[in-house]
Asker: 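Please find one structure pasted underneath; my questions will follow.
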Amino acid sequence: MNNLEINMENHEETAEKVSRNFIQNIIDKDLEEGTYHKVVTRFPPEPNGYLHIGHAKSILLNSNLAKEYQGVFHLRFDDTNPTKEKTEFIDSILEDVKWICDDLDTEQVYYASDYFGQMYEFARKLIKKGKAFVCDLSAEQMREYRGTLTEPGKESPYRNRSVEENLDLFERMRAGEFEDGSRVLRAKIDMSSPNMNMRDPVIYRVARREHHNTGDQWCVYPMYDFAHPIEDAIEGVTHSICTMEFEDHRPLYNWVVQELEFEIPPKQIEFAKMYLTNVVTGKRYIKKLVEDGIVDGWDDPRLVTIAALRRRGFTPESIRMFMELSGVSKAQSSSDYAMLEYCIREDLKMKRPRMMAVLDPIKLVITNYPENEIEYLDVSNNQENEAMGTRKVPFGKVLYIEREDFMPEPPKKYFRLYPGNEVRLMNAYFVTCTDYAVGQDGKVTTVYCTYDPETKSGSGFSGRKVKGTIHWVCAETAEKAEIRLYENIVDEEKGVYNEDGTVNVNPNSLTVLKDAFIEPALAEAGAMDSFQFVRQGYFIVDSKDSAMDHMVFNRIVSMKSSYRPK
RNA sequence: UGGGCUAUCGCCAAACGGUAAGGCACUGGACUCUGACUCCAGCAUUUCAAGGUUCGAAUCCUUGUAGCCCAGCCA
């Protein structure tokens, strides 16, 4: 080993020092002190909607932690409230979680509803300990008894029922003897606690609802605060990582864990939710947009549900990278959408082919190019990754170029085509603009040029340089395509709803370009293939319906451009 | 105005009493057969504010200020 290699090694060691987040610090300490010996984490969605980008943070945080500590990660459906839950959502969540962490297998999937029997017994245990009671107060009465944020609550008149009576009543609740809402089981804690969650919280309610998993087996269902710690304990979860709004629930979580005397008590840790700037992440808002028909469904590419991002062309790798770059903390924060775009650009740029497509075409005629001749140029699929090989691209006398790549009267520092200027046609020849034609509407229709055969791409020509390079597509062989440019649908700076109650929708959230042309090689792509359209950004084949006479592409992200006229 | 939590660059986020990492964004410049990519340079004399302790404070103490969460038989 020579000195250089030694230096490199040292360098790598120092560069490896990556900062650890506060959760890793907690786990490190727990392991060191022997509180736990194996890390078990979980992601516990309620199947009442589709997952969005914010959930991806929780999924990845939990699964990565399990991986890092050679532990186990569970996907657990927190399906304790049948009034809101649907199998449609279970299916979508399963699909999305599998997509985000590609190594999830079915053994890691759990259902809270599978523990209903055990939960019922745990509730009885609480009753026997004198720590829970059946309460006959109505919902409104209970609200009155609860007190306010600044005033303590009053104890329920049913609080001191005997253990026997409570056991009997609870049994009859379960047997279906009482109407929905007529009685609940409550934990007996402290009505004067400054923490509202500790004021004798409801832990079981009566609800005659068909459950997607247990059918009509139950008519009493446990509440989150009671069920969750039990679910964690049953599964051996060590670190129950949730979002900040549950911080006030931690004392109750710990109360349940303690009163039920679990051998290895799970520990709840809270972190701040991920918000994205100018994007709707609230589940109820997304739900409303779907229900109101403002978007086409939960996977409409203008949303940031996982399904929508997937359809828009984001890769799981890009989402993972985004979460890694974002970090974890307890401070309320909102990540910049630009960072997500950076991640998908970064992920795609080396691994997807770069092809030519013209989104807003005008014709370019090469006056000195032979009539009816088509030549096939060798073009690299990705100049930065030669392993991606080459392809043949047809070239002829008549081409399409981008409307914005020609200006009759160019502003200063415009490097593209204008009368008298010479530019490179990418992967082909230099052309000089000699003339142009304008249609009745005053818009340019055709640009006339001459080309210089000596300047052919790959010929090594170095006689002169040009400032601009533009892309093109051969008119005779080009295929037609439809391009959809999606923007995130709602501008949250203005709020999701306007004052009159209408949804504040970005009117330009979807732009459809119907007259785009793509090079022939692109026409062979299958649905969900992604490409970089040279100088246009990254696109994904969204639809290739044989009934249509063209392909449909969605834009993932546009490219940066440092040219801004005026 | 009860309780809980948070406050470090436009946006995330490190720093754990020893003299403010990094990424995104942005701005210059170099390179260029993509005005992309890449590269190089610049971007917090200061950590919500004011006091205090200390040789030394983003870190400890005091007093304020601002934001978020909690009064579902939702999760």
Side-chain angles (χ1 to χ4, degrees), chain A residues 17-21 25 44-46 48 78-81 83-84 135 137-139 142-144 146-153 180-186 193-199 201-207 221 223-225 227-228 242-251 270 272-274 277 283 322 324-343 345-346 349-350 354 356 379-380 383-384 413-416 423-430 455 457-458 461 465-471 532-537 559-564:
Chain A
K17 256 187 221 163
V18 181
S19 57
R20 302 179 62 69
N21 67 48
N25 291 335
E46 181 186 21
N48 66 350
D78 206 359
D79 51 357
T80 57
N81 182 5
T83 63
K84 288 184 163 186
C135 183
L137 252 27
S138 70
M142 209 179 287
R143 197 178 312 129
E144 284 161 25
R146 190 154 33 227
T148 67
L149 294 176
T150 52
E151 301 156 32
D180 288 12
S182 61
R183 282 187 229 256
V184 294
L185 184 69
R186 293 226 257 164
S193 171
N195 182 344
M196 301 298 287
N197 297 301
M198 300 299 268
R199 320 244 262 228
V202 173
I203 59 178
Y204 256 96
R205 79 283 217 178
V206 181
Y221 292 95
M223 300 289 290
Y224 167 87
D225 284 309
H228 210 87
C242 62
T243 45
M244 293 297 287
E245 68 267 29
F246 293 104
E247 200 156 33
D248 286 344
H249 295 244
R250 181 155 26 101
E270 309 84 14
K273 256 182 187 154
M274 154 150 311
T277 51
K283 204 186 262 178
F322 178 58
E324 250 156 67
L325 295 184
S326 296
V328 185
S329 75
K330 294 181 73 153
Q332 213 255 16
S333 62
S334 173
S335 289
D336 200 330
Y337 192 81
M339 192 138 85
L340 219 204
E341 295 200 304
Y342 164 79
C343 292
R345 255 189 264 120
E346 195 65 18
K349 75 182 177 203
M350 295 295 275
R354 299 168 180 187
M356 292 194 285
V379 172
S380 169
Q383 289 79 349
E384 289 170 68
K413 299 190 98 181
Y414 183 78
F415 299 152
R416 281 112 96 173
V423 301
R424 159 146 247 132
L425 290 174
M426 197 171 178
N427 302 312
Y429 302 92
F430 283 10
T455 59
S457 183
F461 174 82
K465 301 222 175 209
V466 287
K467 291 281 268 182
T469 300
I470 66 174
H471 58 99
Q532 187 197 106
F533 286 3
V534 159
R535 294 198 355 161
Q536 298 291 347
M559 313 211 69
K560 290 193 194 177
S561 169
S562 42
Y563 173 72
R564 293 182 194 92

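In what follows, chains carry the letters A, B, and so on, assigned in the order in which the sequence lines appear, proteins first and then strands, with residues in each chain numbered from 1.
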Asker: Roughly how many Å is it from CD1 in A:Ile470 to P in B:A36, rounded to a whole number?
Answerer: 17 Å

Asker: In whole Å, measure the gap between the C1' atoms of B:G64 and B:A21 for me.
Answerer: 31 Å

Asker: Does A:Glu46 have any side-chain contact (heavy atoms from CB on, under 4.5 Å) partners at least two apart in sequence or in another chain, and if so, which?
Answerer: A:Asn48, A:Asn81, A:Lys84, A:Glu85

Asker: Rounded to whole angstrom units, what separation is found between the CD atom of A:Glu341 and the P atom of B:C37?
Answerer: 13 Å

Asker: Each nucleotide in nucleotides 10-15 of chain B should get exactly one letter: B, S or -. Can you fill that in based on protein heavy atoms under 4.0 Å?
Answerer: BSSSS-

Asker: Please round to the nearest 0.5 Å and tell me the distance separating atom CG of A:Asn197 and atom CZ of A:Arg250.
Answerer: 12.0 Å

Asker: For the ring pair A:Tyr563 and A:Phe415, is the centre-to-centre distance below 6.0 Å?
Answerer: no

Asker: Have a look at A:Phe415 and say if it touches a base, only the backbone sugar-phosphate, or nothing, with a 4.0 Å heavy-atom cut-off.
Answerer: base

Asker: Suppose we call a contact any N or O donor and acceptor under 3.5 Å apart; does that hold for the side chain of A:Arg416 and the base of B:G35?
Answerer: yes

Asker: Taking the P atom in each of B:G23 and B:C37, what is the distance between them to the nearest angstrom?
Answerer: 16 Å

Asker: Would you classify B:G56 as syn or anti? Syn applies when the glycosidic angle is within 90° of 0.
Answerer: anti

Asker: How would you list, by chain and number, every residue that makes a salt bridge (charged side-chain N to carboxylate O under 4.0 Å, His left out) with A:Arg146, sequence neighbours excluded?
Answerer: none

Asker: What's the closest nucleotide to the A:Val534 side chain, out of B:G35, B:U34, B:C24?
Answerer: B:U34

Asker: Can you identify which nucleotide, out of B:U34, B:G23, B:C5, has its nearest atom closest to the A:Gln532 side chain?
Answerer: B:U34

Asker: Can you check the A:Glu324 CD to B:G22 C1' distance for me, whole Å?
Answerer: 14 Å

Asker: For nucleotides B:C24 and B:U6, find the distance between their P atoms and express it as a whole number of Å.
Answerer: 28 Å

Asker: Which residues satisfy the ring-ring contact (aromatic ring centres under 6.0 Å, His included) test with A:His228, sequence neighbours excluded?
Answerer: A:Tyr224

Asker: RNA chain B: stems of at least 3 consecutive Watson-Crick or G-U pairs, cut-off 3.5 Å?
Answerer: B:2-7 with B:65-70, B:10-12 with B:22-24, B:26-30 with B:38-42, B:48-52 with B:60-64

Asker: What pairs with A:Tyr429 under side-chain hydrogen bond (donor to acceptor under 3.5 Å, both in side chains), at least two apart in sequence or on another chain?
Answerer: A:Glu375

Asker: I'd like the C1' distance from B:C43 over to B:A25, given in whole Å.
Answerer: 11 Å

Asker: Starting from P on B:G4, measure out to CZ on A:Arg199 and report it in whole angstrom.
Answerer: 13 Å

Asker: Using the C1' atom as the reference point in each nucleotide, state the distance between B:C16 and B:U59 in Å, no decimals.
Answerer: 7 Å

Asker: What pairs with A:Lys283 under salt bridge (charged side-chain N to carboxylate O under 4.0 Å, His left out), at least two apart in sequence or on another chain?
Answerer: none

Asker: Residues two or more places apart in sequence or in another chain: which of them pass salt bridge (charged side-chain N to carboxylate O under 4.0 Å, His left out) with A:Arg199?
Answerer: none

Asker: How far, in whole Å, is B:U8 from B:G22 if one measures between their C1' atoms?
Answerer: 14 Å

Asker: Quick check: closest heavy atoms across A:Asp248 and A:Asn195, and the distance to 0.1 Å?
Answerer: O-ND2, 2.8 Å

Asker: Of the nucleotides B:C5, B:U38, B:U34, which one has an atom closest to the side chain of A:Met244?
Answerer: B:C5

Asker: Mind calculating the distance between OH (A:Tyr342) and P (B:G23) to the nearest angstrom?
Answerer: 9 Å

Asker: Where do A:Leu137 and A:Arg186 come nearest, in terms of heavy atoms and distance?
Answerer: CD2-NH2, 3.9 Å

Asker: What's A:Lys467 touching, base or sugar-phosphate or nothing? Going by heavy atoms closer than 4.0 Å.
Answerer: nothing

Asker: Without decimals, in angstroms, what is the distance between A:Leu340 CG and B:G23 P?
Answerer: 19 Å

Asker: When the C1' atoms of B:U47 and B:A14 are considered, how many whole Å apart are they?
Answerer: 12 Å

Asker: Taking any heavy-atom pair under 4.0 Å as a contact, classify A:Tyr414: base, sugar-phosphate, or nothing.
Answerer: base

Asker: Give the B/S/- string for nucleotides 70-75 of chain B, one per nucleotide from 5' to 3', where a protein heavy atom under 4.0 Å of the base yields B, of only the sugar-phosphate yields S, and otherwise -.
Answerer: BBSBBB

Asker: Could you tell me how far apart A:Glu247 (CD) and B:U6 (P) are, to the nearest whole angstrom?
Answerer: 6 Å

Asker: Taking atom C1' in both B:G35 and B:C48, compute the distance separating them and give it to the nearest angstrom.
Answerer: 41 Å

Asker: Tell me: CZ of A:Arg345 to P of B:G23, nearest whole Å?
Answerer: 16 Å

Asker: Quick one: list whatever passes salt bridge (charged side-chain N to carboxylate O under 4.0 Å, His left out) with A:Glu245, sequence neighbours left out.
Answerer: A:Lys273

Asker: Just jot down the side-chain hydrogen bond (donor to acceptor under 3.5 Å, both in side chains) partners of A:Arg535, sequence neighbours excluded, or say none.
Answerer: A:Asp405

Asker: Please tabulate, for the side chains in residues 326-335 of chain A, all donor-acceptor contacts under 3.5 angstrom to protein atoms that are two or more places apart in sequence or on a different chain.
Answerer:
| from | atom 1 | to | atom 2 | distance (Å) |
| --- | --- | --- | --- | --- |
| A:Ser326 | OG | A:Phe322 | O | 2.7 |
| A:Ser329 | OG | A:Ala331 | N | 3.2 |
| A:Lys330 | NZ | A:Glu247 | OE2 | 2.9 |
| A:Ser334 | OG | A:Thr277 | N | 3.4 |

Asker: Could you state the interatomic distance from CG (A:Asn427) to CZ (A:Arg354), rounded to the nearest 0.5 Å?
Answerer: 11.5 Å

Asker: Applying a 4.0 Å non-hydrogen cut-off, can you work out what A:Gly458 is touching in the nucleic acid: base, sugar-phosphate, or nothing?
Answerer: base

